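Structure record follows, encoded as C-alpha coordinates.
All of these numbers come straight from a predicted model, not from anything done at the bench. Counting convention: from 1, in listed order, for ligands and their atoms alike. Note that the numbering runs from 1 along the sequence shown for the chain.
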Amino acid sequence: MMLHFTKMHGLGNDFMVIDLVTQRARLDSERIRALADRRFGIGFDQLLLVEPPSRPDMDFRYRIFNADGSEVENCGNGARCFARFVLDQKLTARREIAVQTAGGNLLLKVADDGRVRVDMGAPRFAPDEIPLTADAQSHDYALDVDGQTIHLDALSMGNPHAVIDVASIDDAPVATLGPLIEAHPRFPKRVNVGFMEVISRQSVRLRVFERGVGETLACGTGACAAVVSGIRRGLLDQHVDVALPGGALSIEWAGSGQSVIMTGPAERVFDGRVVV
Ligand SMILES: N[C@H](CCC[C@H](N)C(=O)O)C(=O)O
(Lines give C-alpha, C1' and ligand atoms only; values in the text may rest on other atoms or scores of the structure.)
Protein backbone atom coordinates (compact mmCIF):
# COMPACT_ATOMS: atom_id res chain seq x y z
CA MET A 1 0.00 0.00 0.00
CA MET A 2 1.03 3.65 -0.53
CA LEU A 3 1.46 5.87 2.57
CA HIS A 4 1.83 9.64 2.65
CA PHE A 5 4.52 10.88 5.07
CA THR A 6 6.28 14.10 6.03
CA LYS A 7 10.01 14.37 6.76
CA MET A 8 10.71 16.77 9.65
CA HIS A 9 13.48 17.66 12.07
CA GLY A 10 14.02 19.34 15.41
CA LEU A 11 17.55 20.80 15.39
CA GLY A 12 18.68 18.07 12.99
CA ASN A 13 17.14 15.18 14.97
CA ASP A 14 15.12 13.89 12.04
CA PHE A 15 11.79 12.14 11.79
CA MET A 16 9.48 10.43 9.37
CA VAL A 17 5.96 11.43 10.44
CA ILE A 18 2.92 9.44 9.33
CA ASP A 19 -0.73 10.40 9.84
CA LEU A 20 -2.54 7.24 10.94
CA VAL A 21 -5.63 9.24 11.85
CA THR A 22 -6.72 9.42 8.20
CA GLN A 23 -4.56 6.55 6.88
CA ARG A 24 -4.44 2.91 8.00
CA ALA A 25 -1.21 0.89 8.11
CA ARG A 26 0.70 -1.58 10.22
CA LEU A 27 4.51 -1.19 10.28
CA ASP A 28 6.53 -3.98 11.90
CA SER A 29 10.04 -3.40 13.30
CA GLU A 30 11.71 -4.96 10.25
CA ARG A 31 9.90 -2.53 7.94
CA ILE A 32 10.73 0.39 10.27
CA ARG A 33 14.43 -0.54 10.20
CA ALA A 34 14.33 -0.66 6.39
CA LEU A 35 12.63 2.75 6.18
CA ALA A 36 15.19 4.18 8.62
CA ASP A 37 18.10 3.13 6.40
CA ARG A 38 19.49 6.30 4.81
CA ARG A 39 20.74 4.38 1.75
CA PHE A 40 17.85 2.07 0.89
CA GLY A 41 15.00 3.87 2.68
CA ILE A 42 13.80 7.31 3.68
CA GLY A 43 16.29 7.69 6.55
CA PHE A 44 15.38 8.98 10.03
CA ASP A 45 16.40 8.89 13.69
CA GLN A 46 12.85 8.18 14.79
CA LEU A 47 9.52 7.29 13.14
CA LEU A 48 6.50 9.13 14.59
CA LEU A 49 3.03 7.60 14.12
CA VAL A 50 0.14 10.00 14.77
CA GLU A 51 -3.01 8.21 15.96
CA PRO A 52 -6.40 9.05 17.48
CA PRO A 53 -6.34 9.26 21.30
CA SER A 54 -7.57 6.42 23.50
CA ARG A 55 -8.89 8.93 26.06
CA PRO A 56 -11.53 11.64 25.58
CA ASP A 57 -9.41 14.30 27.32
CA MET A 58 -6.55 13.88 24.83
CA ASP A 59 -6.37 15.26 21.27
CA PHE A 60 -4.01 12.66 19.82
CA ARG A 61 -1.70 9.78 20.65
CA TYR A 62 1.70 9.53 19.04
CA ARG A 63 4.00 6.51 19.02
CA ILE A 64 7.75 6.73 18.63
CA PHE A 65 10.09 4.15 17.08
CA ASN A 66 13.87 4.38 16.96
CA ALA A 67 15.83 3.65 13.79
CA ASP A 68 16.50 0.12 15.11
CA GLY A 69 12.73 -0.49 15.26
CA SER A 70 12.46 -0.31 19.07
CA GLU A 71 9.40 1.56 20.40
CA VAL A 72 10.20 4.21 23.00
CA GLU A 73 8.32 6.14 25.64
CA ASN A 74 9.08 9.78 24.85
CA CYS A 75 10.73 12.03 22.27
CA GLY A 76 11.10 15.76 22.91
CA ASN A 77 12.17 16.98 19.45
CA GLY A 78 9.55 14.63 18.05
CA ALA A 79 6.84 16.22 20.22
CA ARG A 80 7.55 19.63 18.69
CA CYS A 81 7.51 18.22 15.14
CA PHE A 82 4.29 16.33 15.95
CA ALA A 83 2.61 19.63 16.97
CA ARG A 84 3.76 21.36 13.75
CA PHE A 85 2.61 18.35 11.71
CA VAL A 86 -0.97 18.13 13.05
CA LEU A 87 -1.44 21.87 12.46
CA ASP A 88 0.08 21.76 8.93
CA GLN A 89 -2.05 18.71 8.04
CA LYS A 90 -5.14 20.45 9.50
CA LEU A 91 -5.77 17.51 11.82
CA THR A 92 -6.44 20.20 14.42
CA ALA A 93 -6.78 23.97 14.58
CA ARG A 94 -5.83 24.09 18.25
CA ARG A 95 -2.51 25.67 19.15
CA GLU A 96 -2.58 24.02 22.58
CA ILE A 97 -2.51 20.23 22.03
CA ALA A 98 -2.74 17.41 24.59
CA VAL A 99 -1.06 14.23 23.40
CA GLN A 100 -0.62 10.75 24.81
CA THR A 101 2.72 8.98 24.58
CA ALA A 102 3.83 5.67 26.04
CA GLY A 103 5.88 7.62 28.60
CA GLY A 104 3.11 9.95 29.76
CA ASN A 105 0.87 12.78 28.53
CA LEU A 106 2.35 16.00 27.13
CA LEU A 107 0.88 19.48 26.67
CA LEU A 108 2.19 21.31 23.61
CA LYS A 109 1.79 25.03 22.80
CA VAL A 110 2.62 26.33 19.31
CA ALA A 111 3.69 29.99 19.35
CA ASP A 112 3.09 32.45 16.48
CA ASP A 113 6.81 32.32 15.59
CA GLY A 114 6.53 28.52 15.07
CA ARG A 115 8.50 27.61 18.20
CA VAL A 116 6.83 24.93 20.32
CA ARG A 117 6.70 24.88 24.15
CA VAL A 118 6.36 21.38 25.59
CA ASP A 119 5.42 20.47 29.15
CA MET A 120 7.50 17.28 29.31
CA GLY A 121 6.12 16.15 32.68
CA ALA A 122 8.18 15.59 35.84
CA PRO A 123 11.46 13.64 35.81
CA ARG A 124 11.61 10.40 37.81
CA PHE A 125 14.65 9.36 39.81
CA ALA A 126 13.84 6.03 41.49
CA PRO A 127 16.13 3.33 40.01
CA ASP A 128 13.19 1.04 39.20
CA GLU A 129 11.52 3.90 37.26
CA ILE A 130 14.57 4.64 35.10
CA PRO A 131 15.13 1.56 35.05
CA LEU A 132 18.62 1.07 36.50
CA THR A 133 19.92 -1.74 38.69
CA ALA A 134 21.11 0.03 41.86
CA ASP A 135 21.05 -0.53 45.64
CA ALA A 136 19.80 3.01 46.30
CA GLN A 137 18.76 6.20 44.49
CA SER A 138 21.65 8.55 43.79
CA HIS A 139 22.83 11.27 41.42
CA ASP A 140 26.28 9.69 41.22
CA TYR A 141 26.20 6.05 40.07
CA ALA A 142 29.52 4.22 39.53
CA LEU A 143 29.40 1.79 36.61
CA ASP A 144 32.12 -0.69 35.72
CA VAL A 145 32.58 -0.23 31.97
CA ASP A 146 35.21 -2.43 30.37
CA GLY A 147 37.28 -2.40 33.58
CA GLN A 148 37.07 1.38 34.11
CA THR A 149 34.71 3.07 36.60
CA ILE A 150 32.42 5.63 34.99
CA HIS A 151 30.49 8.04 37.22
CA LEU A 152 27.13 9.20 35.88
CA ASP A 153 23.73 10.50 36.90
CA ALA A 154 20.61 8.68 35.69
CA LEU A 155 16.92 9.60 35.53
CA SER A 156 13.77 9.07 33.48
CA MET A 157 12.00 11.60 31.26
CA GLY A 158 9.56 8.84 30.43
CA ASN A 159 12.55 7.31 28.64
CA PRO A 160 15.84 6.41 30.35
CA HIS A 161 18.80 8.83 30.39
CA ALA A 162 22.35 8.73 31.72
CA VAL A 163 24.24 12.03 32.11
CA ILE A 164 28.05 12.20 32.17
CA ASP A 165 29.94 15.43 32.96
CA VAL A 166 32.83 16.18 30.59
CA ALA A 167 35.36 19.04 30.50
CA SER A 168 34.69 19.54 26.78
CA ILE A 169 32.14 17.88 24.50
CA ASP A 170 34.52 18.37 21.55
CA ASP A 171 36.69 15.46 22.64
CA ALA A 172 34.08 13.54 24.67
CA PRO A 173 34.25 9.73 24.10
CA VAL A 174 30.72 9.66 22.57
CA ALA A 175 31.47 7.02 19.91
CA THR A 176 33.38 4.70 22.27
CA LEU A 177 31.70 5.10 25.68
CA GLY A 178 28.20 5.84 24.30
CA PRO A 179 27.46 2.33 22.98
CA LEU A 180 29.05 0.63 26.01
CA ILE A 181 26.77 2.51 28.41
CA GLU A 182 23.72 2.34 26.09
CA ALA A 183 23.89 -1.48 26.31
CA HIS A 184 25.22 -1.75 29.88
CA PRO A 185 23.53 -4.64 31.79
CA ARG A 186 22.62 -2.30 34.67
CA PHE A 187 20.23 -0.53 32.24
CA PRO A 188 17.79 -3.38 31.50
CA LYS A 189 15.93 -1.31 28.86
CA ARG A 190 19.19 0.22 27.56
CA VAL A 191 19.69 3.99 27.94
CA ASN A 192 20.26 7.30 26.14
CA VAL A 193 23.71 8.68 27.06
CA GLY A 194 24.27 12.45 27.40
CA PHE A 195 27.73 14.07 27.61
CA MET A 196 27.36 17.48 29.28
CA GLU A 197 29.85 20.37 29.44
CA VAL A 198 28.75 23.07 31.92
CA ILE A 199 29.61 26.55 30.55
CA SER A 200 27.83 28.62 33.24
CA ARG A 201 24.86 28.27 35.61
CA GLN A 202 22.57 29.16 32.66
CA SER A 203 24.36 27.43 29.78
CA VAL A 204 25.56 23.93 28.87
CA ARG A 205 26.83 22.15 25.73
CA LEU A 206 25.55 18.62 25.14
CA ARG A 207 26.07 15.63 22.85
CA VAL A 208 23.81 12.56 23.07
CA PHE A 209 24.39 8.95 22.04
CA GLU A 210 20.76 7.88 21.66
CA ARG A 211 19.41 4.44 22.54
CA GLY A 212 18.53 2.58 19.35
CA VAL A 213 20.00 5.24 17.04
CA GLY A 214 23.55 6.36 17.90
CA GLU A 215 24.75 9.97 18.18
CA THR A 216 22.12 12.43 16.93
CA LEU A 217 22.41 16.16 16.22
CA ALA A 218 19.98 16.88 19.05
CA CYS A 219 17.94 15.07 21.69
CA GLY A 220 15.11 16.89 23.45
CA THR A 221 14.59 14.46 26.31
CA GLY A 222 18.39 14.30 26.60
CA ALA A 223 18.54 18.07 27.00
CA CYS A 224 15.82 17.88 29.68
CA ALA A 225 17.67 15.08 31.52
CA ALA A 226 21.01 16.92 31.44
CA VAL A 227 19.51 20.16 32.83
CA VAL A 228 17.57 18.32 35.55
CA SER A 229 20.75 16.50 36.55
CA GLY A 230 22.75 19.73 36.64
CA ILE A 231 20.09 21.56 38.71
CA ARG A 232 19.67 18.78 41.26
CA ARG A 233 23.47 18.63 41.69
CA GLY A 234 23.60 22.38 42.33
CA LEU A 235 25.48 23.20 39.08
CA LEU A 236 22.72 25.02 37.18
CA ASP A 237 19.94 27.59 37.70
CA GLN A 238 16.26 26.97 36.88
CA HIS A 239 16.41 28.21 33.23
CA VAL A 240 19.21 26.85 31.04
CA ASP A 241 20.16 27.20 27.37
CA VAL A 242 21.37 23.88 25.94
CA ALA A 243 23.68 24.05 22.92
CA LEU A 244 23.55 20.81 20.93
CA PRO A 245 25.41 20.10 17.66
CA GLY A 246 22.18 20.82 15.72
CA GLY A 247 21.19 23.98 17.59
CA ALA A 248 19.88 25.32 20.92
CA LEU A 249 16.97 24.42 23.21
CA SER A 250 15.60 26.35 26.20
CA ILE A 251 14.93 24.12 29.23
CA GLU A 252 13.31 25.13 32.53
CA TRP A 253 12.78 23.06 35.67
CA ALA A 254 11.53 24.51 38.99
CA GLY A 255 12.56 21.45 41.02
CA SER A 256 11.29 18.21 42.47
CA GLY A 257 7.80 17.18 41.37
CA GLN A 258 7.63 19.99 38.80
CA SER A 259 7.36 19.56 35.02
CA VAL A 260 10.33 20.17 32.75
CA ILE A 261 9.49 22.81 30.10
CA MET A 262 11.29 22.56 26.75
CA THR A 263 10.99 25.23 24.02
CA GLY A 264 12.44 25.00 20.53
CA PRO A 265 11.84 24.86 16.76
CA ALA A 266 10.26 22.25 14.51
CA GLU A 267 10.94 22.18 10.76
CA ARG A 268 9.17 20.45 7.85
CA VAL A 269 11.57 19.30 5.11
CA PHE A 270 9.45 17.51 2.49
CA ASP A 271 6.32 15.42 1.91
CA GLY A 272 6.45 12.07 0.19
CA ARG A 273 4.74 8.77 -0.50
CA VAL A 274 6.18 5.38 0.39
CA VAL A 275 5.11 1.82 -0.45
CA VAL A 276 4.71 -0.30 2.69
N1 LIG B 1 15.42 12.15 19.93
C2 LIG B 1 14.46 12.08 21.01
C3 LIG B 1 14.81 11.06 22.03
C4 LIG B 1 14.46 9.73 21.57
C5 LIG B 1 14.89 8.82 22.61
C6 LIG B 1 15.10 7.45 22.06
N7 LIG B 1 16.41 7.33 21.42
C8 LIG B 1 14.99 6.46 23.18
O9 LIG B 1 15.33 5.31 22.93
O10 LIG B 1 14.54 6.84 24.27
C11 LIG B 1 14.26 13.40 21.72
O12 LIG B 1 14.40 14.41 21.06
O13 LIG B 1 13.92 13.36 22.91
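Residue D113 places its CG atom among more than 12 non-hydrogen atoms of other residues, nucleotides or ligands, all under 6.0 Å distant.
Close contacts of ligand 1 with E210, meaning ligand atoms under 4.0 Å from a residue heavy atom, involve 1 (N), 2 (C), 3 (C), 4 (C), 5 (C), 6 (C), 7 (N). Using a 4.0 Å cut-off to heavy atoms of V72, the atoms of ligand 1 that qualify are 8 (C), 9 (O), 10 (O).
In this structure, the protein non-hydrogen atom closest to atom 5 (C) of ligand 1 is N159 ND2, 3.4 Å. With hydrogens left out, the protein atom closest to atom 6 (C) of ligand 1 is N66 OD1, 3.3 Å, a heavy atom. Closest protein heavy atom to atom 2 (C) of ligand 1: C75 SG, 3.3 Å. Of the protein's non-hydrogen atoms, N13 OD1, 2.6 Å is the one closest to atom 1 (N) of ligand 1. What sits closest to atom 9 (O) of ligand 1 on the protein, heavy atoms only, is R211 NE, 2.7 Å.
Between P160 and ligand 1, not a single N/O pair is under 3.5 Å apart. Considering backbone and side-chain N/O atoms, E73 never comes within less than 3.5 Å of an N/O atom of ligand 1. Every N/O-N/O distance between N74 and ligand 1 stays at or above 3.5 Å. In terms of N/O distances under 3.5 Å, ligand 1 is approached by G220.
Contacts with ligand 1 closer than 4.0 Å are made by side-chain heavy atoms of N192 only, the backbone lying farther away. The backbone and the side chain of T221 each have at least one atom closer than 4.0 Å to an atom of ligand 1 (non-hydrogen atoms only). In R190, neither the side chain nor the backbone holds a heavy atom less than 4.0 Å from any atom of ligand 1. With a 4.0 Å heavy-atom cut-off, ligand 1 is reached by no atom of T216. With a heavy-atom cut-off of 4.0 Å, N77 touches ligand 1 through backbone and side chain alike.
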Evaluation steps, side chain to side chain donor-acceptor pair (under 3.5 Å), between N13 and D45: CA-CA 6 Å; N13 182 198; D45 293 331; 2.9 Å; yes
Salt bridge (Lys or Arg N to Asp or Glu O under 4.0 Å) between R268 and D271, worked out: CA-CA 8 Å; R268 178 173 164 202; D271 294 320; 2.4 Å; yes
Working for side chain to side chain donor-acceptor pair (under 3.5 Å), residues D119 and S259: CA-CA 6 Å; D119 176 329; S259 282; 2.8 Å; yes
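Contact between C219 and ligand 1 is present, with at least one heavy atom of the residue lying under 4.0 Å from the ligand.
Test R211, R63, R124 against E73 for salt bridge (charged side-chain N to carboxylate O under 4.0 Å, His left out) and you get one pass: R211.
Note: L91 CG to T22 OG1 = 6.0 Å, rounded to the nearest 0.5 Å.
The pair R24-D19 does not meet the salt-bridge criterion, since no charged nitrogen lies less than 4.0 angstrom from a carboxylate oxygen.
Criterion: ILVMFWY side-chain heavy atoms under 4.5 Å apart, direct or through other members. Under it, V227 and L249 are part of a common hydrophobic cluster.
Between P179 and V174, the closest heavy-atom pair is CD-O, 3.5 Å. Residue F5 comes nearest to F270 through the heavy atom pair CE1-CE1, 3.6 Å, listed as atom of the first residue, atom of the second, then distance.
Aromatic ring pairs are classed by plane angle as parallel below 30°, tilted from 30° to 60° and perpendicular above 60°; the pair F82 and Y62 is parallel.
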